[in-house]
Amino acid sequence: MEEEKPWALISEVGDQGYAEELTDIIKPHFQIVCLRDFLLNPLLYGHKVQALLVWNSFPAVEPSLLTSLPSLKVVANGGVGIDHLDVPYISSLGVKVTYTPGVVNEATADMAMALLLSSARRVVEAHQIAVDPKTTHIPQCFMGDEVTGATLGIIGMGRIGYKIAQRSRGFDMKVLYHNRNRRSVEDEQAVGASYCQNMDDLLKESDFVVLVVNLTPETTGLISHRELSLMKPTATLVNVSRGLVVDQDALVKALQCGKIRGAGLDVTHPEPLPRDHPLLGLSNVVITLHIGTNTYTTSRRMVKRMIENAVAVLKGQPIPDEVKPK
């Protein structure tokens, strides 16, 4: 019966939150309250909520919210990035933290290749010319860069990075990678990847550099002036990790003065960028909306996994994807 289901707090339903069809996955397991309704009457809902379902970093898991949820047992995050969660603090309250690795791999890898191809072949620019009412002829000097046979450098060869390497094989790309830990010889051979212990070597040799790292203190500003200066002037930077991994001021300068050829960004900081941000005025940048996991198939898998994690916590069962404090 409905009243017997545990309560979950979510951001909202609609454009700024969960698509209606995604809440259909939640409702068989939880009674849900949206943040707006919760804030209107926290005394009514606060003691009921046992699960906080975080989607696109919302609701923001701040101490003020956590202290108003005395019965909270689990913060179930959708996605693999957890830089917006203070895991040690949440765990200190006796609350479990979970995430959804694995289910996001394919869609995010697809997005990385989409940005790489769009940037290399200047797809957005070509579209703008094609639909411009002033266009009367096709410019024959409109050239892009070859992807087939190019060198791909992957910084962060985890689950998603490895999927990108697999996709690059279809383009006969030479694959270099830099990672905290070297992958097995079998993994390397399967995708034809060569390990670069020094990231600088990868930056110098790659035609396309793809960032697939978690945001940590060590990776914040990982790519800045020095790193961009090491890249080929014909190279493209693709970021599907987090905006703060790249020093955006340095990137603007590198793109403006031709230190690198272009960039494909699914992530920025902040999101969206201020409307007067210089990145928005550059023709050699493709920017999307942090939509790496935004397919119906992957979104449904993410929510389903969030629910599986949350239910496991509440029932005292083994938790599929627990994030433990370091």
Side-chain angles (χ1 to χ4, degrees), residues 1-11 18 21-33 45-61 65-67 69-109 156-163 179-181 183-184 186-187 212-216 292-293 295-326:
M1 296 177 65
E2 189 70 19
E3 59 269 17
E4 295 177 350
K5 296 176 188 174
W7 282 80
L9 175 61
I10 68 172
S11 53
Y18 294 79
E21 55 266 38
L22 297 182
T23 61
D24 291 342
I25 302 173
I26 303 173
K27 289 176 181 177
H29 305 276
F30 288 96
Q31 298 182 73
I32 60 175
V33 56
Y45 295 108
H47 69 283
K48 296 180 180 180
V49 173
Q50 293 182 282
L52 178 55
L53 307 181
V54 181
W55 187 253
N56 292 330
S57 301
F58 292 102
V61 187
L65 177 61
L66 293 172
T67 55
L69 302 172
S71 301
L72 188 66
K73 299 293 189 297
V74 57
V75 173
N77 183 65
V80 67
I82 54 169
D83 48 277
H84 55 290
L85 300 176
D86 187 342
V87 177
Y89 174 71
I90 297 169
S91 300
S92 73
L93 302 176
V95 176
K96 299 289 187 182
V97 178
T98 68
Y99 68 150
T100 62
V103 296
V104 305
N105 299 346
E106 306 289 354
T108 309
M157 187 73 113
R159 298 182 183 93
I160 297 170
Y162 195 75
K163 291 292 183 181
N179 207 39
R180 285 178 302 175
N181 301 305
R183 297 193 69 116
S184 68
E186 292 76 18
D187 282 351
V212 209
V213 297
N214 293 323
L215 181 63
T216 66
T293 61
T295 70
Y296 283 112
T297 298
T298 293
S299 294
R300 289 183 66 84
R301 287 174 179 165
M302 288 169 65
V303 173
K304 183 179 178 182
R305 195 67 171 180
M306 290 168 67
I307 298 307
E308 290 173 355
N309 282 316
V311 168
V313 173
L314 298 188
K315 290 186 175 180
Q317 298 171 345
I319 307 169
D321 307 297
E322 183 177 0
V323 180
K324 296 186 178 180
K326 295 181 180 179

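Counting begins at 1 with the first residue of the sequence.
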K.L.:
If every non-hydrogen atom of G102 is compared with every non-hydrogen atom of R159, which pair is closest and at what distance?
P.N.:
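Closest approach of G102 to R159: N-CD, 4.1 Å.
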K.L.:
With a 4.5 Å cut-off on side-chain heavy atoms, are H84 and V54 touching?
P.N.:
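Of all side-chain heavy-atom pairs linking H84 with V54, at least one is under 4.5 Å.
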K.L.:
Are there over 12 heavy-atom neighbours, none belonging to R300, within less than 6.0 Å of that residue's CZ?
P.N.:
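No, because the 6.0 Å sphere around CZ of R300 holds 12 heavy atoms or fewer from other groups.
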K.L.:
Atom NZ of residue position K304 - does it have more than 12 heavy atoms of other residues, nucleotides or ligands inside 6.0 Å?
P.N.:
no
K.L.:
How long is the span from the CD atom in Q317 to the CD atom in E308, to the nearest 0.5 Å?
P.N.:
11.0 Å
K.L.:
Is the closest side-chain heavy-atom distance between Y18 and I32 below 4.5 Å?
P.N.:
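Side-chain contact under 4.5 Å: no.
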K.L.:
Working to the nearest 0.5 Å, report the span between CZ of F30 and CG of L53.
P.N.:
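Here the interatomic distance stands at 6.0 Å.
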K.L.:
Atom OG1 of T216 and atom NZ of K326: how far apart are they, to the nearest 0.5 Å?
P.N.:
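T216 OG1 to K326 NZ: 7.5 Å, rounded to 0.5 Å.
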K.L.:
So which atom in L65 and which in P59 form the shortest heavy-atom distance, rounded to 0.1 Å?
P.N.:
CD2-CB, 4.1 Å
K.L.:
In Å, rounded to the nearest 0.5 Å, how long is the span from CD of E106 to OG1 of T295?
P.N.:
10.5 Å
K.L.:
Please round to the nearest 0.5 Å and tell me the distance separating atom OH of Y45 and atom CG of L9.
P.N.:
10.5 Å
K.L.:
Would you say the side-chain atoms of N77 pair up with the backbone N or O of G81, donor to acceptor, closer than 3.5 Å?
P.N.:
yes
K.L.:
For a quick test of reading the model, state the closest non-hydrogen atom pair linking K5 to K27 and the distance between them.
P.N.:
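What the structure gives for the nearest pair is NZ-O, 2.9 Å.
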K.L.:
Is a side-chain N or O of N179 found less than 3.5 angstrom from the main chain of N181, in a donor-acceptor match?
P.N.:
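Present.
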K.L.:
Would the distance check show the side chain of Y162 and the main-chain N or O of D187 forming a donor-acceptor pair, the cut-off being under 3.5 Å?
P.N.:
yes
K.L.:
Give the minimum heavy-atom separation between G79 and T100, together with the two atoms involved.
P.N.:
N-OG1, 2.7 Å
K.L.:
Restricting to non-hydrogen atoms, name the atom on S71 and the atom on H47 that form the minimum distance, rounded to 0.1 Å.
P.N.:
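The pair with the smallest heavy-atom distance is OG-O, 2.6 Å.
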K.L.:
OG of S92 to CG of D86: how many Å apart, nearest 0.5 Å?
P.N.:
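Reported value, rounded in 0.5 Å steps: 8.0 Å.
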K.L.:
For a side chain to side chain contact (heavy atoms under 4.5 Å, CB included) with V61, tell me which candidate from L69, L72, V75 qualifies.
P.N.:
V75
K.L.:
Please determine which of V104, N309, I82, L85 meets the side chain to side chain contact (heavy atoms under 4.5 Å, CB included) test together with Y99.
P.N.:
I82
K.L.:
Can you give me the closest heavy-atom contact between V212 and G161, atom names plus distance?
P.N.:
CG1-N, 3.9 Å
